[in-house]
Amino acid sequence: MFKDMSFMFPLATVNLTNTRIRTLTNLIESNGGQMKLGPDTLMIVGSDATVELCQKQFAKFNLDFEQYRYQFLNPDWVSQSLLNKKLQEQKKFQLFPEVVFQPVLEEVPEFKTKLVYVEALAKTVPVREEVVEQDDGDINIYNIKDNELRMKYEKRMEEFRRDILKEYKQILDYEYDYDLDNFHNQVDDGYEYLLEDLSILKKEEPQIPESEKFYGDDDCQITETRKVKFDILDGLDLGKSVVNVEQPILSAQLKETKQFNPGLKRKQQFWEAKKGYFVCEAGAAQKCQNNEIIEELEKLLKIYTNEKDKGRCIAYRKAIGFLKALPYPIKSSEDLKDMPTIGDKIKKKIIEIMQTGKLTKVQKLEGQEKNVAISELTRVWGIGPTTAATFYFKGIKTLEDLKKNLHLLNRNQQVGLQLVKDLEQRIPREEATLIFEIVKREIDDLSGVQGLFKATACGSYRREKETCGDMDILITRCDGKNTEDFLLNLITRLEGKLLTHHLTMPKRTEHDCETYMGIGRVSNQAVHRRIDLKLYPKEQYGCAVLYFTGSDHYNRSMRLWAQKNGYTLSDHGLYPTQRGAHNKKLWKGEVIPCEEEMDVYKILGLKYKPPKERSV
DNA sequence: TAGCAGTCATC
DNA sequence: GATGAC
DNA sequence: GCTA
Ligand SMILES: O=c1ccn([C@H]2C[C@H](O)[C@@H](COP(=O)(O)OP(=O)(O)OP(=O)(O)O)O2)c(=O)[nH]1
Ligand SMILES: [Mg+2]
């Protein structure tokens with residue numbers, strides 16, 4: 001129940017961008033408040049503390065909180081509505097008719113749109129930005145030769161145009177229950193259309209001198225969306241008079257990334273110069289020289305993880321990764337000059353650490369009751385920052401409190417709680433080896449043929465760490481044949497010998513992989529350990545070991561590099577990928593076969609790193 | 001100002 | 001879709 | 001929080 005107060009804003013009058021709304025949501029929700037965002041209103045429920053927070057945050061935004069606070073609501077009503085999930089359903093919060101909405105589309109760039117002047121409406125409307133390959137102009141996909149067919153087609157196109165315009169009008173008139181993003185999704189659904197066809201005229205593009213233009217490897221350039229409503233042609237017997245209606249244009253025309261990924265060369269050249277910034281290229285330093293700084297920054301990272309401050313998490317993680325790759329110690333602020341990932345704020349913090357050995361910020365935050373509680377609660381497997389925070393606001397602050405509230409935990413969390421003391425201990429390498437041996441023996445016994453299945457111990461074990469947080473074992477069938485039920489049988493056989501608890505059972509994914517997560521121990525007296533078993537088909541082995549060996553930050557770095565170079569890298573494979581504005585995926589090609597880790601490094605143009613050097 | 005890795009399981 | 005995990 |  002929310003005994004506290006609540007207030008709401010008509011979004012129309014508050015200049016809150018997406019980013020700001022996200023910041024605000026995070027802030028409020030991580031402090032026990034609630035925030036609901038409707039298409040036109042922003043509602044906040046919380047205590048006095050929440051109000052204070054909002055005031056501060058608004059001040060940071062340079063906004064006067066009091067001016068915008070619209071009204072207080074009856075807390076009982078809000079409690080009821082939240083409990084009944086009414087608010088989520090009420091798109092417009094019609095229960096507050098006194099709120100006057102004023103459209104300010106330009107001021108609230110809610111969606112990834114650009115503003116386009118629509119002549120027919122005599123208004124500027126936001127239109128989602130899209131890019132697509134432009135062919136050299138010779139191929140006209142509406143190349144319908146038969147006149148009658150053409151007229152039929154054009155008639156339909158006309159109707160379609162009218163519909164779209166009507167919808168746009170509705171949006172603008174607020175008759176439509178609008179959610180522009182959704183609207184575009186709906187339009188996307190089955191439709192493809194040309195902006196020109198909607199009489200939406202583009203603003204003049206800025207003139208780029210010919211010398212600065214880049215037309216891509218194959219003299220083609222993505223400039224604008226070219227869309228066709230596919231089902232508009234349904235029922236028309238077009239014979240062969242229409243080119244390319246069968247396939248979406250993107251996949252039909254962009255066969256070879258290298259050839260058809262426009263601007264890729266320039267992009268790759270650009271990132272090549274910054275290759276050193278990627279820790280996957282630099283690799284971990286043989287001996288880490290900046291442990292003191294790293295330890296302190298990691299504390300801050302942990303705090304921000306608990307606070308769910310995604311942006312800062314990323315920033316600190318990158319900075320830490322970079323320091324781990326640095327082969328020399330930082331001695332003075334001179335050393336910090338021009339270091340990537342280390343900006344003004346982090347630089348200042350590093351200097352403070354060098355001078356005093358610690359951070360006042362950490363001291364301040366670490367001691368706060370809420371952070372203490374969340375750190376404590378997230379020790380349990382299955383409880384993350386959000387769950388921990390909700391527990392905290394229910395007054396559950398320690399593991400002891402959790403034990404009294406077992407009904408609030410799911411099965412896995414209960415196991416996690418029961419074994420928390422065991423699971424947070426790291427595994428000595430010898431014991432890890434023993435676990436691996438047990439699994440390997442069972443694999444051979446089960447398959448009946450020595451070496452038919454290959455098992456690889458990955459994770460920190462493969463990176464030659466002295467202790468491991470858990471066991472990560474990757475299994476593949478060397479002859480590439482069917483592995484139906486193998487993992488399940490393996491687990492059943494290991495139940496008496498190693499495994500004690502199951503967390504998730506194997507299930508085929510769309511990529512033909514299976515994952516088991518569980519807990520086991522080498523003897524009845526031994527400590528319980530987390531054990532992950534993964535079964536991947538042989539074709540995916542290269543990418544799978546690469547992924548499962550990590551470290552997590554190393555993976556992210558490598559995947560970012562792949563992204564910047566026109567690929568997508570995952571545990572299943574390496575794919576050529578074309579991205580448009582805002583890194584939106586436009587096209588994903590066929591998987592590039594990589595049976596070995598080395599294949600991935602070669603294709604990405606990165607130096608091979610032995611596992612040991614991947615501990616960034 | 002937007003994006004920051006990519007995927008899977010569970011609820 | 002949110003959360004948590006690897 | 002950093003960066004294109
Ligand atoms: O967010 C993540 C977490 C993990 N991994 C990969 C890399 C990692 O090496 C592997 C196994 O994960 P685990 O959590 O076991 O990490 P680890 O590197 O083995 O360290 P630890 O010693 O804590 O087990 O899975 C990721 O790609 N992303
Ligand atoms: Mg591990």
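Predicted model, so just to flag it, every value in this text is computed and none were measured. Side chains included, hydrogens not; waters and symmetry mates left out as well; all remaining heavy atoms used. Lettering of chains follows the sequences in order, A, B, ..., and the numbering in each one begins at 1.
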Residues forming a salt bridge (Lys or Arg N to Asp or Glu O under 4.0 Å) with [X], sequence neighbours excluded:
X         : result
Lys538(A) : Glu595(A)
Lys324(A) : Glu298(A)
Lys308(A) : none

>> Walk along nucleotides 5-11 of chain B from 5' to 3' and tag each nucleotide B, S or - by protein heavy-atom contact under 4.0 Å, base first, then sugar-phosphate.
In response: BBSSSS-
Report the distance from atom [atom1] of [X] to atom [atom2] of [N], rounded to the nearest whole Å.
X         : N      : atom1 : atom2 : answer
Tyr304(A) : dC2(D) : OH    : P     : 10 Å
Lys564(A) : dA4(D) : NZ    : C1'   : 8 Å
Asp338(A) : dT3(D) : CG    : P     : 10 Å
Ile342(A) : dT3(D) : CD1   : P     : 9 Å
Asp309(A) : dC2(D) : CG    : P     : 12 Å

> Would you say a side-chain N or O of Asn583(A) is under 4.0 Å from OP1 or OP2 of dC4(B)?
Replying inline: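 Looking at the OP1 and OP2 atoms of dC4(B), one of them is under 4.0 Å from a side-chain N or O of Asn583(A).
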> Would one find a side-chain N or O of Lys274(A) under 4.0 angstrom from OP1 or OP2 of dA4(D)?
Replying inline: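 Indeed, a polar side-chain atom of Lys274(A) lies that close.
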> When rounded to the nearest Å, what value does the distance between P atoms of dC6(C) and dC4(B) take?
Replying inline: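 To the nearest whole Å, 23 Å.
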> Say you pick atom P in dG6(B) and the same atom in dC2(D); how far apart are they, in whole Å?
Replying inline: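 About 23 Å, rounded to a whole number of Å.
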Applying a 4.0 Å non-hydrogen cut-off, can you work out what [X] is touching in the nucleic acid: base, sugar-phosphate, or nothing?
X         : value
Lys308(A) : sugar-phosphate
Gly311(A) : base
Asp472(A) : sugar-phosphate

>> Going by the rule ring pair (Phe, Tyr, Trp, His ring centres under 6.0 Å), which residues pair with Phe270(A) if we only count those two or more places apart in sequence or in a different chain?
In response: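 Ring pair (Phe, Tyr, Trp, His ring centres under 6.0 Å) check on Phe270(A) returns nothing, list empty.
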> Mind checking what makes side chain to side chain contact (heavy atoms under 4.5 Å, CB included) contact with Ala282(A), not counting sequence neighbours?
Replying inline: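 With neighbours one apart ignored, the set is Ala325(A).
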> Taking atom types as modelled, is there a side-chain donor on Thr568(A) or Arg579(A) under 3.5 Å from an acceptor on the other?
Replying inline: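 Yes, side-chain donor-acceptor contact under 3.5 Å.
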>> Against Ser557(A), only a single residue in Asp552(A), Val279(A), Val616(A), Leu606(A) fulfils side chain to side chain contact (heavy atoms under 4.5 Å, CB included); can you say which?
In response: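 Only match with Ser557(A) under side chain to side chain contact (heavy atoms under 4.5 Å, CB included): Val279(A).
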Donor-acceptor list for residues 271-278 of chain A side chains, cut-off 3.5 Å, not counting sequence neighbours:
| from | atom 1 | to | atom 2 | distance (Å) |
| --- | --- | --- | --- | --- |
| Glu272(A) | OE2 | Lys275(A) | NZ | 3.3 |
| Lys275(A) | NZ | Gly605(A) | O | 2.5 |

>> Going 5' to 3' along DNA chain C, between which two nucleotides do contacts with chain A fall, using a heavy-atom cut-off of 4.0 Å?
In response: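 So the contact region on DNA chain C extends dT3(C) to dC6(C).
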> Going by the side-chain hydrogen bond (donor to acceptor under 3.5 Å, both in side chains) test, which pairs reach into residues 339-350 of chain A, not counting sequence neighbours?
Replying inline: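 Checked against side-chain hydrogen bond (donor to acceptor under 3.5 Å, both in side chains) - neighbours excluded - the pairs reaching residues 339-350 of chain A are Tyr316(A)-Lys349(A).
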